[in-house]
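We name chains A, B, ... by the order of the sequence lines, and we start the count at 1 in each one. Every heavy atom of this structure was used, including side-chain atoms; hydrogens, water molecules and symmetry mates were not.
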Amino acid sequence: AQSVTQPDARVTVSEGASLQLRCKYSYSGTPYLFWYVQYPRQGLQLLLKYYSGDPVVQGVNGFEAEFIKSNSSFHLRKASVHWSDSAVYFCAVSAHSNNRIFFGDGTQLVVKP
Amino acid sequence: GGIITQTPKFLIGQEGQKLTLKCQQNFNHDTMYWYRQDSGKGLRLIYYSITENDLQKGDLSEGYDASREKKSSFSLTVTSAQKNEMAVFLCASSIEREDTLYFGAGTRLSVL
């Protein structure tokens, strides 16, 4: 079965700094990978997804993520964060075999002015 | 673009009460989901449905029933609310079961 680990429950960065949110997954095959963002009092919105091909995928608002199969990782990155990026970020994985989507526990990002 | 509407936004119930949450989508998506989100935790799948009148149990289905009488709507029933229970229930839809999920804003449940 698949699983997702986001080791950092909370990350605090200063506005303008670079960002990396970590995600590791467990799945024996090649997964579909997603990053979602949740703003306060809202549902989740897709930031980016990886199905196949170029392991670096670009998303909305300057976010990108890199699929590293050898490390079972799909870390999210942004070169320069803005205060409006403060939110909870979820990594998710789905498998081809059982069509289920599993979410990590989320990382709360706090951007300090 | 489409939208997913969840009603009510807030739901306060009594212990033992049966409570129903509703979800409507106008994406014309086949698959719909109900997830439970507890504070500081990820999303846990309660039920999903791949088409009208189909129901599939998720990891957390005990204590819940679901109904998909129309393609556009998916309801969830808490069969007996647990005292001090607090959670957010999120409805989502997708074209295929492993494609992008589109979420509603959630229903926040509190049980007194």
Side-chain angles (χ1 to χ4, degrees), chain A residues 1-11 21-27 29-52 57 59-60 65 87-110, chain B residues 1-10 21 23-25 27 29-51 54 56-61 74 86-109:
Chain A
Q2 310 95 285
S3 67
V4 178
T5 301
Q6 293 180 249
D8 305 308
R10 184 181 172 103
V11 169
L21 301 182
R22 296 183 291 165
C23 171
K24 296 202 74 170
Y25 66 89
S26 173
Y27 178 59
T30 300
Y32 290 173
L33 295 161
F34 307 82
W35 275 99
Y36 285 85
V37 60
Q38 185 179 34
Y39 298 103
R41 305 279 185 206
Q42 295 185 28
L44 282 68
Q45 303 168 37
L46 181 72
L47 269 182
L48 48 80
K49 62 186 177 185
Y50 171 80
Y51 284 173
S52 64
V57 290
V60 297
V88 182
Y89 292 79
F90 291 92
C91 182
V93 61
S94 73
H96 304 231
S97 59
N98 61 16
N99 297 311
R100 291 283 306 273
I101 301 170
F102 291 84
F103 288 83
D105 286 345
T107 296
Q108 181 168 13
L109 173 65
V110 176
Chain B
I3 190 168
I4 293 185
T5 302
Q6 291 188 237
T7 55
K9 285 186 169 48
F10 300 94
L21 293 67
C23 177
Q24 291 273 130
Q25 55 102 355
F27 288 102
H29 286 167
D30 292 313
T31 306
M32 296 186 74
Y33 308 79
W34 277 106
Y35 285 92
R36 176 180 165 127
Q37 183 179 24
D38 292 280
S39 179
K41 296 289 186 184
L43 280 63
R44 290 182 289 173
L45 183 64
I46 306 172
Y47 268 97
Y48 67 101
S49 166
I50 62 173
T51 189
D54 173 75
Q56 308 280 343
K57 291 184 179 182
D59 302 314
L60 202 66
S61 60
F74 193 30
M86 284 183 66
V88 176
F89 292 84
L90 293 171
C91 177
S93 70
S94 69
I95 298 171
E96 296 175 9
R97 274 179 286 162
E98 48 192 343
D99 208 341
T100 302
L101 296 180
Y102 295 82
F103 285 85
T107 292
R108 282 157 180 77
L109 172 67

> Considering only heavy atoms, which portion of A/Gln108 lies under 4.5 Å from any heavy atom of chain B: side chain, backbone, both, or neither?
Replying inline: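 Interface part for A/Gln108: neither.
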
> Considering all heavy atoms of both residues, which atom of B/Asp59 and which atom of A/Phe102 are nearest to each other, and what is their separation?
Replying inline: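 Taking B/Asp59 first and A/Phe102 second, the nearest heavy atoms are OD2-CE2, 4.0 Å.
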
>> As an exercise: rank B/Arg44, B/Gln37, B/Gln56 by heavy-atom pairs under 4.5 Å with chain A and give me the winner.
In response: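 Maximum pair count with chain A is reached by B/Gln37.
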
>> Counting only non-hydrogen atoms closer than 4.5 Å, does B/Leu90 touch chain A with its backbone (N, CA, C, O), its side chain (CB onward), both, or neither?
In response: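 Just its side chain gets close to chain A.
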
> Atom CZ of A/Phe34 and atom CG of B/Leu101: how far apart are they, to the nearest 0.5 Å?
Replying inline: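 Reported value, rounded in 0.5 Å steps: 7.0 Å.
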
> Could you give the distance from CG (A/Leu44) to OH (B/Tyr35), rounded to the nearest 0.5 Å?
Replying inline: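 Going from the CG atom of A/Leu44 to the OH atom of B/Tyr35 covers 9.5 Å.
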
> Looking at side-chain heavy atoms only, is the closest gap between B/Thr100 and A/Tyr32 below 4.5 Å?
Replying inline: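 A side-chain contact is absent here, since even the closest heavy-atom pair is not under 4.5 Å.
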
> Heavy-atom distance under 4.5 Å between the side chains of B/Lys9 and A/Arg41, does that happen here?
Replying inline: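 A side-chain contact is absent here, since even the closest heavy-atom pair is not under 4.5 Å.
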
